[in-house]
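Counting starts at 1 for both ligands and their atoms, in listed order. Source: prediction; values computed, not measured.
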Amino acid sequence: MASSKRSPVHAPGRAGMPRRAYAVGAIAVALAAALSGCAPEPDDHPEPKPETRSPKTEPAPTAAPTPTPAPEPSPTPTFDAQAHSIDDPMSIWVVSNKLRPLNPVDFVPSDLVMPEGVVNANGQPLREPAARAVERLIADAAAAGHPVQILSAFRDSALQTSLYESYIARDGQAAADTYSARPGHSEHQTGLTVDFDDGSGCALEACFGGTAAGTWIAEHAAEYGFIVRYPDGKQDITGFMPEPWHFRYVGPELAGEMRDRGVSTLEEFFGLPAAPDYAD
Ligand SMILES: [Zn+2]
């Protein structure tokens, strides 16, 4: 990946622009070309086959046959890949990327709520399941010694429009497209996405992934139903630079399945075309 202008990506709204991240001009960050390829390739996730161990017909040593214990069918909970739509904008599995605008493009979720008991820098809501999950994640992170706050959550298409246009004015469209989604294509518009910050000076910066809090969240995200939506080395698939602060709620079933299979992007998991660029 060529080095691109690095800048506050998901700047949360204008209100209360916290700290320098939003104001900084383009900071060239030799972004993680070096980090590419970290994500494990999806393997064919061999399903553990329950061993059909037919009780051997061994000659019974004595007249008293010991009852052979029934082979325990290891109850692997089966993952249902059809459990939710990837097209319905109200689905927790909706896949939004540069080739898959939300439909309608001015979609607003119907179950937005304000997460409780958390610091929410821009006071943006989340969809109810994501809000409840993030409350638990933040509480557990704090208990583990990593206090974090929400920098950005739901953004409607009007806010996304103004952000995107401001980035174009500053950096040009080609650069803006690497770090800011066009309206209707933003994960934040799903109401399922959170940008975290730990106050260590890495707000919306690649270095967040190396902080203790960023590391903790990445390790535990799946337990709460979140994934790192734009992982290292996947820009050609997701269309966006790595964003270790940006977590997308998909529910613990899918997040756990992706983790277990070693598939890091929704595009790869669902067999969708890579979406490095917009169609037009
Ligand atoms: Zn974000």
Side-chain angles (χ1 to χ4, degrees), residues 4 6-19 21-22 24 29 31-32 92 94-98 100-102 107 109 112 115 118-127 130-131 133-134 137-138 148-164 166-167 171 175-199 202-209 211 213-214 217-218 221 224-232 234-235 237-250 255 264-267 275:
S4 16
R6 182 63 184 162
S7 51
V9 176
H10 279 74
R14 294 141 295 185
M17 296 269 195
R19 62 200 111 224
Y22 311 116
V24 287
V29 167
L31 238 207
I92 59 171
V94 64
V95 180
S96 162
N97 63 31
K98 291 181 174 179
R100 296 174 55 87
L102 294 174
F107 168 73
L112 292 173
V118 301
V119 179
N120 188 348
N122 285 278
Q124 293 170 339
L126 284 169
R127 288 195 50 201
V134 85
L137 184 153
I138 288 178
V148 295
Q149 64 169 299
I150 296 173
L151 269 190
S152 188
F154 169 73
R155 293 198 295 257
D156 65 19
S157 61
L159 177 53
Q160 192 68 27
T161 299
S162 68
L163 285 172
Y164 178 67
S166 73
Y167 297 141
D171 293 338
D177 277 340
T178 67
Y179 64 80
S180 178
R182 297 180 186 176
H185 296 264
S186 172
E187 282 245 305
H188 284 277
Q189 198 179 325
T190 66
L192 296 169
T193 297
V194 178
D195 294 335
F196 290 110
D197 181 39
D198 68 346
C202 287
L204 308 179
E205 297 289 344
C207 59
F208 180 76
T211 64
I217 298 174
Y224 302 87
F226 286 90
I227 60 170
V228 175
R229 180 64 178 100
Y230 304 125
D232 286 337
K234 296 291 183 177
Q235 182 170 356
I237 292 171
T238 65
F240 290 96
M241 296 188 292
E243 296 192 354
W245 60 86
H246 173 114
F247 287 82
R248 158 70 194 273
Y249 183 79
V250 295
S264 62
T265 68
L266 293 175
E267 287 80 6

Taking just the N, O or S atoms of D195, which one is nearest to the Zn ion (ligand 1)? OD1
Classify the ring geometry of Y230 against H246: parallel below 30°, tilted from 30° to 60°, perpendicular beyond 60°. tilted
Identify the heavy atoms of L159 and Q124 that sit nearest to each other, and give their distance. CD2-NE2, 3.7 Å
Is there a salt bridge (Lys or Arg N to Asp or Glu O under 4.0 Å) between E267 and R229 once you walk through the steps? CA-CA 10 Å; E267 287 80 6; R229 180 64 178 100; 2.7 Å; yes
Among the N/O/S atoms of H188, select the one at the shortest distance from the Zn ion (ligand 1) and name it. NE2
Quick one: report the N, O or S atom of H246 that is nearest to the Zn ion (ligand 1). ND1
Are K98 and F240 in a cation-pi contact, defined as NZ or CZ under 6.0 Å from the six-membered ring centre and within 45° of the axis? yes
